[in-house]
Structure formats: C-alpha cells, structure tokens
Amino acid sequence: MVPTRHEPNALLVGGPSTLPDTERLRCVPNNDDPVKIELGNRYEHFVPTSEITTSGEWTVQVFTWICRTYAAE
C-alpha cells in the first residue's frame, strides 16, 4: 500500500521505553531526513535506515534512535 499524507510510512525503533508504541508508527514528510520527537523536556532523535518492514497493513521504513538532547531552559 502506498502511504498517503496521513498513513504511516515510518517506524521508530530503539530509544526510551517511555515513548509509547502508539507514537512509534508515524507519517513523516521525508524519509531521507532524521526525525526529532519532543518527549517531556527533551528531544529523541531517530535516523532513517535502509530497512523496510510491515506494520499492520502498511509498509514502513525503519528509523533507529541515535541520541537525546534537552530543551534549553
């Protein structure tokens, strides 16, 4: 299935266990760019990989966690 603007095309793996599973499957505008997720007072960073997998009815690209940064106070 080809993703539309609202269908998931990315799966975020790794990183904090506090990132809910419901937030790991998402639609990203460009699969070549890293993804930054705000989680509390920090950002979790994920980079695209060449891995493709299926999740439910969607074919998605895997993004893997690389680091955490904190928001400036």
Side-chain angles (χ1 to χ4, degrees):
M1 173 175 269
V2 176
T4 64
R5 297 183 84 207
H6 302 291
E7 291 178 345
N9 61 353
L11 177 65
L12 308 180
V13 297
S17 60
T18 56
L19 181 62
D21 289 342
T22 56
E23 295 292 315
R24 291 183 178 274
L25 188 62
R26 59 181 47 231
C27 181
V28 298
N30 185 341
N31 284 40
D32 294 326
D33 292 339
V35 172
K36 180 170 77 170
I37 305 297
E38 185 175 2
L39 190 63
N41 67 339
R42 64 189 187 270
Y43 294 96
E44 303 296 340
H45 299 263
F46 297 83
V47 293
T49 69
S50 59
E51 185 180 350
I52 303 294
T53 190
T54 57
S55 182
E57 62 186 276
W58 297 289
T59 300
V60 294
Q61 183 175 354
V62 174
F63 284 66
T64 190
W65 183 83
I66 56 164
C67 70
R68 169 181 301 136
T69 57
Y70 290 88
E73 300 269 331

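These numbers come from a predicted model, not from an experiment.
- At a threshold of 4.5 Å between non-hydrogen side-chain atoms, the residues Val60 and Thr54 do not count as touching.
- Under the 4.5 Å side-chain criterion, counting only non-hydrogen atoms from C-beta, His45 is not in contact with Trp65.
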Table please: side-chain donor-acceptor pairs of residues 33-40 below 3.5 Å, with sequence neighbours left out.
from: Asp33; atom 1: OD2; to: Asn30; atom 2: ND2; distance (Å): 3.4

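- For Thr49 (side chain) and Val62 (main-chain N/O), a donor-acceptor pair under 3.5 Å exists by modelled atom type.
- Side-chain atoms of Leu19 and Phe46, non-hydrogen and from C-beta on, do get closer than 4.5 Å to each other.
- Looking only at side-chain heavy atoms (C-beta outward), Glu23 and Leu12 stay at 4.5 Å or farther from each other.
- The other members of the hydrophobic cluster of Ile66, by chain and number, are Val47 (side-chain heavy atoms under 4.5 Å, ILVMFWY only).
- Considering only heavy atoms from C-beta on, Glu44 comes within 4.5 Å of Pro16 through its side chain.
- Checked by atom type and distance alone, the side chain of Asn41 never pairs as donor or acceptor with a backbone atom of Tyr70 at under 3.5 Å.
- No side-chain heavy atom of Arg68 sits under 4.5 Å from any side-chain heavy atom of Tyr43.
- Proximity of Glu7 to Asn9: side-chain heavy atoms (C-beta onward) are nowhere separated by under 4.5 Å.
- At least one side-chain heavy atom of Trp58 sits under 4.5 Å from a side-chain heavy atom of Leu25.
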